[in-house]
2 protein chains.
Amino acid sequence: MPKKELTIVEIAKMAGVSTSTVSRVLNKQDHVNPAKRQKVQEILDRSGFQPSATARAMVSKRTNTFGVVVSDINNPYFTTLVSQIEAAAKDAGYSLLLFNTQTAGGLQQSTITTVEIEAFHRLEEKKVDGVLILGGEIDRADPDADYLDALHQLAQHLPVVIVAQPLKDSGFNFVARYQKLAATTITQHLLACGYHDIAFIGGEPGITITNERLAGYREIMETYRTFREDRVFLSDYYAQSGFDSMTELINQNDLPKAVVAINDQVALGAIRALNDHGLNCPKDIAIASCDAFPNSTFFTPRITTIDHHNTRLAQIAVAKLLNAISPKRYPLGDLSIEPPSLLIRESSGLKGTKS
Amino acid sequence: MPKKELTIVEIAKMAGVSTSTVSRVLNKQDHVNPAKRQKVQEILDRSGFQPSATARAMVSKRTNTFGVVVSDINNPYFTTLVSQIEAAAKDAGYSLLLFNTQTAGGLQQSTITTVEIEAFHRLEEKKVDGVLILGGEIDRADPDADYLDALHQLAQHLPVVIVAQPLKDSGFNFVARYQKLAATTITQHLLACGYHDIAFIGGEPGITITNERLAGYREIMETYRTFREDRVFLSDYYAQSGFDSMTELINQNDLPKAVVAINDQVALGAIRALNDHGLNCPKDIAIASCDAFPNSTFFTPRITTIDHHNTRLAQIAVAKLLNAISPKRYPLGDLSIEPPSLLIRESSGLKGTKS
DNA sequence: CAAATATTTGTAATCGGTTACTTATGTGCA
DNA sequence: TGCACATAAGTAACCGATTACAAATATTTG
């Protein structure tokens with residue numbers, strides 16, 4: 001069924017020229033007679049000829065493809081990142097080879113690393129021009145040694161940009177968000193709203209994102225002498241665990257006045273738990289979180305959260321990768337990313353707030 | 001910086017054998033002396049050699065890559081689909097080349113089609129082994145002619161599977177959901193709950209998903225002689241339009257008793273609008289929708305919705321594509337998909353319901 | 001033990017483009 | 001007119017694997 005496609009040799013025959021001439025027309029190079037150029041172009045257009053990227057890659061050593069390794073594409077944060085990266089890459093003429101390792105949430109760590117290392121191997125053999133890594137094992141404060149070996153090997157062969165909190169002295173190219181600042185900002189906001197007893201829920205222990213956000217929360221709470229170890233409930237990044245943590249808090253019969261959730265999904269689960277017990281957010285307990293997922297403006301209550309400017313983050317990541325591939329063609333422009341913005345909405349209980 | 005990688009020629013030299021022998025070891029073929037095989041394998045392992053997929057593709061004419069063209073990866077329905085497709089493809093040894101055309105939501109139709117046609121061209125030149133199309137222009141009841149031309153051309157060159165409602169007599173390979181049945185089910189459920197005045201909100205006009213769901217709703221409403229043209233509010237698939245439609249309904253001062261929303265996001269927006277006006281769902285107005293997005297169990301109220309078994313849908317799509325590529329290796333098994341399941345939760349107002 | 005057969009290994013063509021190099025043709029200037 | 005130089009077009013090597021085929025070696029069999 002699959003109809004045979006044309007090759008440059010056939011086009012050349014049709015036009016009565018050599019393959020090199022066709023190639024020159026195809027790549028809009030000089031040194032081709034205008035009349036001949038037009039004729040060849042016409043045949044090219046008429047036949048809908050698509051030069052084989054495979055053959056091209058053979059000799060040019062460039063595939064115009066980026067590899068993306070993402071740990072959980074179903075997490076809205078990563079979904080946004082992937083879609084923005086895809087757009088930026090497309091603008092620069094690159095396609096995306098996607099590897100979703102789905103390693104977030106309760107897998108054995110050994111499984112996680114093998115799935116990710118496997119992805120690295122596929123990327124090496126596919127000869128992508130660069131790799132973007134979004135989360136996964138690298139998010140761990142203390143990543144697996146085999147994983148780091150594999151990552152180093154990968155980075156030796158091709159440009160790699162990692163969207164995660166930098167791993168000290170690792171020598172990799174990181175693009176990071178202000179995780180700690182996000183947490184201090186949100187905690188300070190809750191304090192400013194008049195709450196002193198503030199809990200922290202969600203986030204996987206051992207993950208840098210969690211560590212840094214927790215550190216930010218802790219720092220502020222300690223400054224105001226109101227930190228309590230037993231107000232911290234780590235788990236993961238999903239709504240279910242927000243629900244579970246809040247349920248636990250409620251059953252303890254010692255409700256805090258406010259809660260910092262690791263992200264909007266966890267906040268959603270927490271609110272759901274409150275409602276199930278006849279409690280109201282923000283009246284009985286205020287909630288604020290991070291990550292500004294697209295739908296959280298429509299939750300009831302609307303969730304006070306932090307916008308990390310993920311679109312910009314994606315653009316910077318792609319810009320860095322392009323620069324690593326071709327510094328003259330893609331000079332590094334401004335790589336600064338705005339500090340996270342506080343989006344004050346209803347859930348933190350400030351009077352008269354909405355969207 | 002990028003360190004040069006090894007080639008088969010160098011491996012062959014190191015092992016003191018010919019390239020064909022190395023190739024045979026690499027591909028676990030017969031006719032190689034066990035001792036020699038082991039020696040070569042050792043060198044292969046030690047050097048971490050990754051054969052060039054590009055060179056391999058040149059001669060084998062297979063890239064072990066699928067192209068995926070998705071119209072809006074930020075829509076949770078498509079995100080789920082992509083992640084499941086990725087998993088199924090990976091199991092069969094295929095990688096995914098991702099094209100997000102982001103054509104959902106308010107673009108000029110001419111732009112939509114050019115972006116998608118552009119993606120088709122990229123896929124042809126990248127020589128993928130098969131293409132999956134998820135939504136986009138094909139979702140239109142009357143797709144653009146240029147688009148259909150391009151799609152036909154693509155399908156002539158390589159296997160294509162489309163996840164969308166079948167376009168009559170188009171000859172393409174479709175994988176579809178029971179859209180109409182979903183709508184009749186959800187409408188009947190609301191009627192069974194005792195509501196007669198039921199509105200329909202969300203969905204883009206001219207899109208088959210919308211048309212079929214609307215037709216299902218209408219059919220049931222007409223059966224019970226309760227259909228009203230002015231109870232239909234089409235728009236798109238996002239929370240904002242659910243919010244807008246519901247706001248309009250409220251301002252009309254003639255509230256229906258229940259609402260069918262095109263999906264959970266639209267339902268979320270609608271509920272938000274109700275709350276803003278001091279109205280309660282399900283007390284003042286019941287809502288039910290389709291698509292069972294991951295977080296909708298945690299909304300307040302939990303949303304009654306329809307599960308379309310999207311995981312299965314993704315698996316079927318990949319199975320069909322694999323079969324189109326190699327019928328003997330991947331015989332078509334059972335391709336049936338369960339009819340959509342009704343998930344009765346709080347928002348439709350049935351007493352004593354929760355999760 | 002020779003002939004027939006099976007196994008192992010190597011040689012070289014091939015996939016479809018790009019590009020360095022060569023040759024042919026055209027133009028400018030003294 | 002002659003020489004330098006720019007432009008046009010073609011030839012063939014090359015990228016890194018696979019594979020058809022041939023050659024060499026080992027094994028079986030009468």
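Every chain is numbered from 1 and lettered A, B, ... according to where its sequence line falls, protein lines coming before strand lines. Heavy-atom basis, side chains included; hydrogens, waters and symmetry copies ignored.
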Worksheet, complete the sentence: With B for base contact, S for sugar-phosphate-only contact and - for none (protein heavy atoms under 4.0 Å), nucleotides 6-11 of chain C reads -SBBBB
Item to complete: Give me the ring orientation class for B:F66 and B:Y94: parallel if the planes are under 30° apart, tilted from 30 to 60°, perpendicular past 60°.
Response: parallel
Practice prompt. Indicate yes or no for a side-chain donor-acceptor contact from A:Q84 to the backbone of A:L81 under 3.5 Å, with no hydrogens or angles considered.
Written response: no
Discussion item. Could you tell me if A:R56 and A:S52 have a donor-acceptor pair between their side chains, going purely by distance under 3.5 Å?
Written reply: no
Discussion item. Listing request: all salt bridge (charged side-chain N to carboxylate O under 4.0 Å, His left out) pairs with a residue in residues 83-97 of chain A, at least two apart in sequence or in separate chains.
Written reply: A:E86-A:K90
Discussion item. Among residues 5-12 of chain B, which ones have heavy-atom contacts with DNA chain D below 4.0 Å?
Written reply: B:L6, B:T7, B:I8
Worksheet item: Can you check side-chain contact (heavy atoms from CB on, under 4.5 Å) on B:L313 and B:V175, steps first, answer last?
Response: CA-CA 7 Å; B:L313 193 72; B:V175 180; 3.6 Å; yes
Worksheet entry | Rounded interatomic separation in angstrom, taking NZ from A:K39 and C1' from D:dA8 | 16 Å
Item to complete: For the helix from C:dC1-D:dG30 to C:dA30-D:dT1, figure out the bend between the end axes, five pairs an end, and round to 10 degrees.
Response: 40°
Worksheet item: Atom CZ of A:R62 to atom P of D:dC14: distance rounded to whole Å?
Response: 23 Å
Practice prompt. Assert yes or no for the condition that the ring centre distance of A:F120 to A:Y147 is strictly below 6.0 Å.
Written response: yes
Discussion item. If the condition is salt bridge (charged side-chain N to carboxylate O under 4.0 Å, His left out), which residues does B:E137 pass it with, not counting sequence neighbours?
Written reply: B:R140
Discussion item. Checking the side chain of A:K328 only, and the main-chain atoms of A:N323 only, is there a donor and an acceptor separated by less than 3.5 Å?
Written reply: no
Discussion item. Per the salt bridge (charged side-chain N to carboxylate O under 4.0 Å, His left out) rule, what does the pair list look like for residues 35-50 of chain B, sequence neighbours excluded?
Written reply: none
Worksheet item: Does one side chain, of A:K127 or A:T65, offer a donor that lies under 3.5 Å from an acceptor on the other?
Response: no
Worksheet entry | Phosphate contact (D:dA17 OP1 or OP2) by B:S23 side-chain N/O below 4.0 Å | no
Worksheet item: Between B:M58 (CE) and C:dG16 (P), how many Å, whole number?
Response: 6 Å
Response to the item:
Here the distance between atom P of D:dA17 and atom CG of B:L44, to the nearest Å, is 10 Å
Practice prompt. Round to the nearest Å and state the distance from A:N27 atom CG to C:dG17 atom P.
Written response: 11 Å
Discussion item. Using whole Å, what does the distance between atom C1' of nucleotide D:dA9 and atom CD of A:Q29 come to?
Written reply: 13 Å
Worksheet entry | Interatomic distance, B:K61 NZ vs D:dT18 C1' [rounded to whole Å] | 12 Å
Response to the item:
To the nearest angstrom, the CD-P distance between A:E125 and D:dA17 comes to 11 Å
Worksheet item: Checking A:K320 side chain against A:F174 main chain: does a donor-acceptor pair fall under 3.5 Å?
Response: yes
